[in-house]
Amino acid sequence: MPEITYREALNQALAEEMERDDSVFLMGEEVAEYDGAYKVSKGLLGQFGDLRVVDSPISELGFAGLGVGAAMVGLRPVIEFMTFNFSVLALDQVLHSAAKMLYMSGGQINIPMVFRGPTGAALQLAAQHSQALETWYVHAPGIKVVTPATPADAKGLLKASIRDNDPVAFMEGELLYNIRGEVPEGEHVIPLGVADLKREGGDVSIVTHGKMVHLALRAAGVLSKEGFEADVLDLRSLRPLDADAILASVRKTNRMVCLEEGWPYSGVGAQIAAMVQEEAFDDLDAPILRVTQADVPMPYAKNLEIMAKPSAQRVVDACKRVLYR
Amino acid sequence: MPEITYREALNQALAEEMERDDSVFLMGEEVAEYDGAYKVSKGLLGQFGDLRVVDSPISELGFAGLGVGAAMVGLRPVIEFMTFNFSVLALDQVLHSAAKMLYMSGGQINIPMVFRGPTGAALQLAAQHSQALETWYVHAPGIKVVTPATPADAKGLLKASIRDNDPVAFMEGELLYNIRGEVPEGEHVIPLGVADLKREGGDVSIVTHGKMVHLALRAAGVLSKEGFEADVLDLRSLRPLDADAILASVRKTNRMVCLEEGWPYSGVGAQIAAMVQEEAFDDLDAPILRVTQADVPMPYAKNLEIMAKPSAQRVVDACKRVLYR
Amino acid sequence: MESGTVAFSVDRDPLFGFSREDLLGILRRMLLYRRFEEKVEESYAIGKIGGFCHLHIGQEGAAEGCIGPLRADDYVISAYREHTQALAKGMDPKAVMAELYGRTGGASGGKGGSMHIFGADQSFMGGHGIVGGQVPLATGMGWAIKYRGEDRVTVCFMGDAAVNQGALHESLNMAAVWQLPVIYVVENNGYGMGTAFSRISATEIGDRSKAYGIPASVVNGQDVLATYRHFEGLVGEVRSGGGPHFAEVRTYRFRGHSMSDPVSGTYRSKEEVEERTEQDDPITILVHRLFQAEALTQEDLEAMDGEVRAQVADAVAFADEAPLPEASELYKHVYSQINEHGRLFFDGRDR
Amino acid sequence: MESGTVAFSVDRDPLFGFSREDLLGILRRMLLYRRFEEKVEESYAIGKIGGFCHLHIGQEGAAEGCIGPLRADDYVISAYREHTQALAKGMDPKAVMAELYGRTGGASGGKGGSMHIFGADQSFMGGHGIVGGQVPLATGMGWAIKYRGEDRVTVCFMGDAAVNQGALHESLNMAAVWQLPVIYVVENNGYGMGTAFSRISATEIGDRSKAYGIPASVVNGQDVLATYRHFEGLVGEVRSGGGPHFAEVRTYRFRGHSMSDPVSGTYRSKEEVEERTEQDDPITILVHRLFQAEALTQEDLEAMDGEVRAQVADAVAFADEAPLPEASELYKHVYSQINEHGRLFFDGRDR
Ligand SMILES: Cc1ncc(C[n+]2csc(CCOP(=O)(O)OP(=O)(O)O)c2C)c(N)n1
Ligand SMILES: Cc1ncc(C[n+]2csc(CCOP(=O)(O)OP(=O)(O)O)c2C)c(N)n1
Ligand SMILES: [Mg+2]
Ligand SMILES: [Mg+2]
């Protein structure tokens, strides 16, 4: 199997789906002539032309809404947000139009589209450019939320998201674009709602998604040296959520740590902890702990940023606490 | 003590604070000539003139940002959203400007302002006009979130919010405006971060906020007839959150039900359940249950809307389940 | 249509060259819109209809005049004051009334209500409740038409107060850059709720599109025939590749902003409303023209009105007898595709 | 200044009547901006500065020409390409450089970085990172000036691509309705990242404000003297109650969009950049004029440049020696008021 980057995997998925289905088009800032701010759409303009790979003005609310309108009449838009931070300007169209259209119309009009781009922090981009906004998307029924962590998942999940008949927020990571991994060529589609046990342990469950999967694996490595084996469960999609996989892991380990890049208050980990204590109360030998970003806007200074982000050490410490070590 | 409506209590708070401090002004759609879409600002235009009570165009992003800019140079704006549903258009200014300004500026520029208006559902307003968006505001550090349930709290908390030196999202309820209650005249300020035990029980803790407090009290009444006495804890503000009061109640009852008007996924109840299982694990005799809106966009049809909303019966059932009855 | 051209009914022929048959068709539909919403008022008063309900009474000329010239497959999208536009686009009064009643058989299955009437089969792409929210959607439909190389046209209705939403401007810019076949129609009834347009804007409606080089025009919506002819021209030009257009239709709202708002009050006087209702009723104006041209007699009118009232009565009867939606509807249509794996609903309730 | 008036440097006097002292002051500051950012480039290259870093090199005429005529208490607010504007408003190069280094002593305590330079004492109201996000903020400062009856002016900088954000339009409308003392300055360097303005707009920059009846003007930002005089006029009019103004300053970016972007590429050719850098450098243009008028000698220039370089070297030394922020800074400034009761932080970490 060829080893390619997460960026190339996304590019493959886009090219293959656009090849497969004429109704798929890509629109966003810098996606065409510039090959995308992060080069995800490299070469697509040349391959598909400027009606299917479209540079937009800096009008997030406008072009996100344009995508929803095009989806209302049967196209399958892929709308790229240069980063999800900027999608905050477009949330009205995501929440009030895309997520509610099918319901408000009594099932007449579905919205088969994808909103994609990087979420979360990169390096020293400070408060306005370093936000993991999963909570805002996953809170509202009507949208699906997908967060691939590896090149293979990026390709398989993007293909599934583009083929899905509902709006999907597909959240990538700037720091993930360069990671490499084996990716099947051609038809490689990963159904939404299937978590992936990225590491099999048995002593404690680390439940996470997206970029944080790699941090969890690092923490699991450290724990292993100290004699504790951790399950690292990569949710892959937050909605649909593979609740069975979460419950299965915690029933096995009886201990859970939720790791996410974003803020704690009503974060994704809050939902999972609340769900698990409700559905597996008697299986828990310790409280569920959460590791998140510090509850502050992201600072610029290198040392403060490092402190603000979740660290492998914090994950290790949390795991030890639930292991009472 | 005079008995007045929630609406009149808010009006009193606004009038008194504008009287007290020249830097306070009210801006929003229909707040001046029309006395406010829900008449909260009745008479203020006449009393304070059109520079301090200002009708805005329908430009939520623009006038919310205008308020933040005015706050940057020391005014204390009260920005009214006709409903918080429409504030989704303004979230960029709330999240990226108001909530982060102090931090990004290294403490130079604080944002003493209030965003206020009704949140949640009224009657048959359908999907786009029936959302309780507390999660979106409380998730981001830098903002404070206040949710008064009674006329006295409405006045006392609005006065405290206007005097607070940070941005406050002050979430009212359309169905609360007409409720009556005793409200102290003049200087009546309720500090943020102090929950109110609206009913003292002992068998089970119902933790809630805003409009749902009244539903919780109804449920507690039903339970009482069946021999169970419930604590009804009104959080009053979600950030700051009176965690001590929550933990004290659950340590007493060992059983908790979180009730909120909004959606479940990463709702306020998810945060509280996650927090309590972490901080009072050994005090829990049963899993914490949550009662929320059905996980759907709000339907218009009367019967469907009733089904979608949290009901006293669902709260009663949840309480009995945690009581193992 | 040149930018700024004003097309008031100064036409020599007061009937604008319409055939008697066409004229009577227009009148019949105008009567339908009026009688339909008069019934809506009654049903709302007795609690059969709930929520926010915004009547179009007084503005029907805009619905008939702008939508009449369209093809069945042209798209129309609007805000929340859309009942008569839905009817004008060919939706069944029964389906619209049942939707207002929140019943099975309603256009949106009872889930949308007054603000969210959808008729995909009639290419009526909905009533939308966020002021300005429908404008980027319309732009996307225009994009889809261009993308597929079709010759359809999209008509997007909005109110005068909606022109202060950034969404309009972002949309106009994109429509201009990509030359999309969209007619943006501003139904200028002078007020956004209780705010007169002049209080929250320093310029005229038509000035908005100047920033993008999009031609603008103004027509008197109370003159349905003038409006109809004006839009025939616009639709032709846009369909043949003329690019977007920004059309102001001057009209007046005879009722309150919504059922819960007073007809007149601090923002407009009782006298103003009475005068406009007296002098500017699009139906009265049309009827008088037809009388003068002896194209219509009092008897014809009464007969026609009777038929229309009967049609509306049928719609009400249908709505009244229609059952409430099944409980099973609650979780239907949140997603069109329930994924095989994973959990999509988190309220822990039975479905 | 009338709408549309173009004020290129066609003035008879190439020195626009400035005194030698003023001219040398302008030149010295222009040199400071240039040398400062050249150092920023070096420091970024060796990893002393991180994150997104957008250089103003080539556009300094806009900073000096627009800000020079302002009073110390006038407000200036900008986007993320704001280093030289901060210096022009009187901020200490040490504080700005230390901020870029993310150190204690930095303007924003090291928490803001390149995109978020704030100087409240100099009424420099920040660098902001969301394109268009600063525009409603500037409008609010204009509102505050009117509210308090002050005679200050607010200058709001934005890039050419920012004019397609709805926030600008909502702001222009409010500024026009309430006649706010704000000068909206579009620094038109021809590109938004890799997108030429003409590809995402059907009209010229100045057309945008027509929709609101706000006068617009255009000036050549590479001619700092013309820009300075032009803004003296604008500031005077706005300060004396003339209402808002929309000013386009034509300029060119000599570097890549940010440090991580190539100077030229698919969107603009190497030749184009070389030619503009060659012919349109605002500092070279100014220096030649001074030489020709014999207001400056090569020796003067070198001496001045040496002083400026020394000043920048001091700033770098200061930044380099400044300590990183204390760990205790992490939770400081999230809230200015830690309420007596209740919990404000939810990460369960020690503070
Ligand atoms: C974004 C948003 N803000 C506010 C509202 C509340 N609201 C509903 S209609 C309306 C007035 C709109 O007036 P106009 O656009 O002129 O349309 P008209 O009602 O006159 O047909 C307002 C403020 C809303 N629905 N959406
Ligand atoms: C809302 C938003 N969308 C996208 C971006 C990413 N971005 C940063 S700068 C930029 C280009 C802006 O160009 P222009 O306004 O012309 O300013 P210039 O960089 O030329 O000074 C873009 C797209 C952003 N920061 N904010
Ligand atoms: Mg109107
Ligand atoms: Mg630019």
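These numbers come from a predicted model, not from an experiment. Just so it is clear: chains get the letters A, B, ... in the order the sequence lines come, proteins before strands, and each one is counted from 1.
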Applying a strict 4.5 Å limit to non-hydrogen atoms, the region of B/L289 in contact with chain C is neither
Between B/A301 and C/P325, the two heavy atoms sitting closest are CB-CG, 3.7 Å
Residues passing the salt bridge (charged side-chain N to carboxylate O under 4.0 Å, His left out) test with C/K94, sequence neighbours excluded, are none
Turns out that what part of C/M193 lies under 4.5 Å from chain B's heavy atoms comes down to both
Chain C shares the most heavy-atom pairs under 4.5 Å, among B/V296, B/I58, B/L61, B/L89, with B/I58
Tabulate, with distances rounded to 0.1 Å, every donor-acceptor pair spanning chain B and chain C at under 3.5 Å.
from: C/G50; atom 1: N; to: B/Y300; atom 2: OH; distance (Å): 3.1
from: C/G50; atom 1: O; to: B/Y300; atom 2: OH; distance (Å): 3.4
from: C/L100; atom 1: O; to: B/Y300; atom 2: OH; distance (Å): 2.5
from: C/G110; atom 1: O; to: B/A301; atom 2: N; distance (Å): 3.0
from: C/K111; atom 1: O; to: B/Y300; atom 2: N; distance (Å): 3.0
from: C/G129; atom 1: N; to: B/Q128; atom 2: OE1; distance (Å): 2.6
from: C/N164; atom 1: O; to: B/S59; atom 2: OG; distance (Å): 2.6
from: C/Q165; atom 1: NE2; to: B/E60; atom 2: OE1; distance (Å): 3.1
from: C/G194; atom 1: N; to: B/E30; atom 2: OE1; distance (Å): 3.2
from: C/G194; atom 1: N; to: B/E30; atom 2: OE2; distance (Å): 3.1
from: C/T195; atom 1: N; to: B/E30; atom 2: OE2; distance (Å): 3.4
from: C/T195; atom 1: OG1; to: B/E30; atom 2: OE1; distance (Å): 3.4
from: C/T195; atom 1: OG1; to: B/E30; atom 2: OE2; distance (Å): 2.7
from: C/R199; atom 1: NH1; to: B/D55; atom 2: OD2; distance (Å): 3.0
from: C/R199; atom 1: NH2; to: B/D55; atom 2: OD2; distance (Å): 3.3
from: C/D261; atom 1: OD1; to: B/Y34; atom 2: OH; distance (Å): 2.8
from: C/T266; atom 1: OG1; to: B/E33; atom 2: O; distance (Å): 3.2
from: C/P325; atom 1: O; to: B/N303; atom 2: ND2; distance (Å): 2.9
from: C/F346; atom 1: N; to: B/D295; atom 2: OD2; distance (Å): 2.8
from: C/D347; atom 1: OD2; to: B/D295; atom 2: N; distance (Å): 2.8
from: C/R349; atom 1: NH1; to: B/M307; atom 2: O; distance (Å): 2.6
from: C/R349; atom 1: NH2; to: B/T292; atom 2: O; distance (Å): 3.0
from: C/R349; atom 1: NH2; to: B/A308; atom 2: O; distance (Å): 3.2

Side chain to side chain donor-acceptor pair (under 3.5 Å) filter on C/E321, not counting sequence neighbours, yields none
Applying ring-ring contact (aromatic ring centres under 6.0 Å, His included) to B/F115 and not counting sequence neighbours gives B/F81
Cut-off 4.5 Å, heavy atoms of chain B, and the answer for C/L168 is neither
In terms of heavy-atom contacts, B/L125 and C/G51 come closest through CD2-CA, 3.7 Å
